[in-house]
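As the structure lists them, so they are numbered: ligands from 1, and atoms in each ligand from 1. Quantities reported herein were computed from a predicted structural model and do not represent experimental measurements.
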Amino acid sequence: MRVLILGGDGYLGWPTAMHLSARGHEVAVVDNYFRRQACHALNCEPLIPVPNLHQRRRRWEETWGRKIRVDIGDLCDYNFVSRVFREFSPEGVVHYAEQPSAPYSMMDRQAAVFTLTNNLVSTCNLIHAVREFQPQCHIVKLGTMGVYGTPNIDIEEGYLEVEHKGRRHRFLYPKEPGSLYHLTKAQDGDLLFFYCRMWDLRVTDLNQGPVYGMLTPESRTDEGLTSFFNYDAIFGTVLNRFLVQAAAGAPLTVYGEGGQTRGYLDLRDTLACVELTLLHPAEAGQYRVFNQFVETFSVMDLALRVQEAGQELGLSAEIVKIPNPRREAESHYYNPAHTGLLDLGLTPHYLTRAGLVEMLQLVRRHQERIDTSLLMPTVTWR
Ligand code: USQ
């Protein structure tokens, strides 16, 4: 399959490109290097230096003998998007090219406007390019479990059957996002749903939980091919941050009471979910939603697990509850459905002590690069 990956330089984009390329798909990646530039500007570099996309593509070709096409450009520029579509004619597009950080989106007005513009205009341009050049192309958009918030009822996969005054209707599941970033993911979902109804697009929205991990089979033997692993309070996700905090001998920063529960998954499962979704495309006119995670944990559960795994390596990680910089429920009901991807054949990697120990060992190999000034949160929601 010809697959175009938007946001191919990022934490998920590059490992997805290698995963699909290794399995014989023809892959092209697009990126505007937003994440690299934001990390330079905010002085929060990833744990392992990440060669640029052209360098990684060369390395990939040399070691795996497969080609990946690279285009550097901005998806908010329709001329650029049109050129890529005309030249590559994708059969599937994986859309990761959004500003992905909740704290970044809440930093200031400029970051808010950037997040809104980038995330919505890029999605709108993608929709128009698909209609103009490849109307049968399947769009796989990375959404987030955070669009649902933490309602006091079960979360379904995308839709909710509602009975009202004796009549029934199937609606998109109500959304209650907890950051501007998460709100843009609700909005881009609405945009895609709208155009599925108007133009018969084929779309799958993957509502993903926080991802952890760094290595995939393709990068295991070559650190020059690893993912963009951030551990700072803006771009790092919670479990990755706890691992780096433990390795650095710094406290594990549980925000508030630590009862915030989310659905987590291993980086390798993200890649498997995306491939399964591409291999089983949505129907024309269908806006399909999968909840993409494999198990739920509270933030405190995660901190305790990292603490325990650290003990095996002689680390004594302290857990501290710090005032929550976000506005979110710290103790709540959480029971989201997630059967769609399992039904397609996903075989999950669960979080184990051995897996945590392995990740800690990897982080410790790069310990001299940890900047401990990046470990405490700096952005507040209020
Ligand atoms: N948290 C802590 N301590 C920390 C960092 C985070 O307690 O040091 C807590 C947060 O308050 C939150 C939970 O951990 O309750 C998850 O935070 P996170 O930073 O790992 O995840 P989040 O900001 O929600 O965003 C991440 C990705 C985003 C993705 C989302 C999935 O950055 O792109 O969409 O996970 S989800 O959380 O399901 O919305």
Chemist: Who's the nearest protein heavy-atom neighbour of atom 39 (O) of ligand 1, and how far?
Modeler: T144 OG1, 2.6 Å
Chemist: Any heavy-atom pair between the side chains of H19 and T216 that's under 4.5 Å?
Modeler: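 No; the side chains remain at least 4.5 Å from each other.
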Chemist: Please list the nearest protein heavy atom to atom 22 (P) of ligand 1 with its residue and the distance rounded to 0.1 Å.
Modeler: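 Of every protein heavy atom, R326 NH1, 3.7 Å lies nearest to atom 22 (P) of ligand 1.
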Chemist: Provide, to 0.1 Å, the distance between atom 9 (C) of ligand 1 and the closest protein heavy atom, together with that atom's residue and name.
Modeler: V299 CG2, 3.7 Å
Chemist: Are the side chains of K141 and L206 in contact, using a 4.5 Å heavy-atom criterion?
Modeler: no
Chemist: How many angstroms lie between atom CZ of R2 and atom CD of E91, to the nearest 0.5 angstrom?
Modeler: 4.0 Å
Chemist: What distance separates L341 CG from T277 OG1, expressed to the nearest 0.5 Å?
Modeler: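 Between L341 CG and T277 OG1, I get 5.0 Å after rounding to 0.5 Å.
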Chemist: Provide the number and element of each atom of ligand 1 under 4.0 Å from a heavy atom of R262.
Modeler: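 Under 4.0 Å from R262, ligand 1 has these atoms: 15 (O), 37 (O).
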Chemist: Number the atoms of ligand 1 from 1 as they appear, then name those within less than 4.0 Å of a heavy atom of T237, with their elements.
Modeler: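 Matching atoms, with element in brackets: 20 (O), 26 (C), 27 (C), 32 (O).
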Chemist: Among protein heavy atoms, which lies nearest atom 7 (O) of ligand 1, and at what distance?
Modeler: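 Sorting protein heavy atoms by distance from atom 7 (O) of ligand 1 puts Y255 N, 2.9 Å first.
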Chemist: Considering only the protein, which heavy-atom contact is closest to atom 33 (O) of ligand 1, and what is its distance?
Modeler: P100 O, 2.8 Å
Chemist: Measure the spacing between CD of Q134 and CZ of R86 and express it to the nearest 0.5 Å.
Modeler: 12.5 Å
Chemist: Can you check whether Y181's main-chain N or O pairs, donor with acceptor, with S105's side chain at less than 3.5 Å?
Modeler: yes
Chemist: Please could you name the atoms of ligand 1 that A102 approaches to less than 4.0 Å, counting only its heavy atoms?
Modeler: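 What qualifies from ligand 1 is 23 (O).
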Chemist: Any chance you could lay out the side-chain contact (heavy atoms from CB on, under 4.5 Å) test for C39 and R36, step after step, and finish with the verdict?
Modeler: CA-CA 5 Å; C39 287; R36 285 173 185 270; 5.9 Å; no
Chemist: Please report which non-hydrogen protein atom sits nearest to atom 3 (N) of ligand 1, along with the residue it belongs to and the distance in Å to one decimal place.
Modeler: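 Result for atom 3 (N) of ligand 1: T253 O, 2.6 Å.
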Chemist: Output the list of atoms in ligand 1 that are nearer than 4.0 Å to some heavy atom of Q208, sorted by atom number.
Modeler: 31 (C), 38 (O)
Chemist: For R241 and ligand 1, does the shortest N/O to N/O distance drop below 3.5 Å?
Modeler: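 Yes: some nitrogen or oxygen of R241 is under 3.5 Å from one in ligand 1.
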Chemist: Look at ligand 1 and say whether G209 reaches it with a heavy atom at a distance under 4.0 Å.
Modeler: yes
Chemist: Only heavy atoms of Q260, strictly under 4.0 Å: list the atoms of ligand 1 that pass.
Modeler: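 Per the distance check, 11 (O), 15 (O).
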Chemist: Among protein heavy atoms, which sits nearest to atom 15 (O) of ligand 1, and what does the distance come to when rounded to 0.1 Å?
Modeler: E328 OE1, 2.9 Å
Chemist: Could you tell me, atom by atom, which parts of ligand 1 come under 4.0 Å of a heavy atom of Y181?
Modeler: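 Within the 4.0 Å cut-off of Y181, ligand 1 contributes 28 (C), 29 (C), 33 (O), 34 (O).
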Chemist: Do the ring planes of F34 and Y104 sit parallel (below 30°), tilted (30 to 60°) or perpendicular (above 60°)?
Modeler: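 F34 and Y104: perpendicular rings.
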Chemist: Numbering the atoms of ligand 1 from 1, which are under 4.0 Å from a heavy atom of G146?
Modeler: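 Per the distance check, 36 (S), 38 (O), 39 (O).
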Chemist: When rounded to the nearest 0.5 angstrom, what distance separates NE2 in H332 from OG1 in T261?
Modeler: 4.5 Å
Chemist: Got the closest protein heavy atom to atom 18 (P) of ligand 1, with its distance?
Modeler: V238 N, 3.9 Å
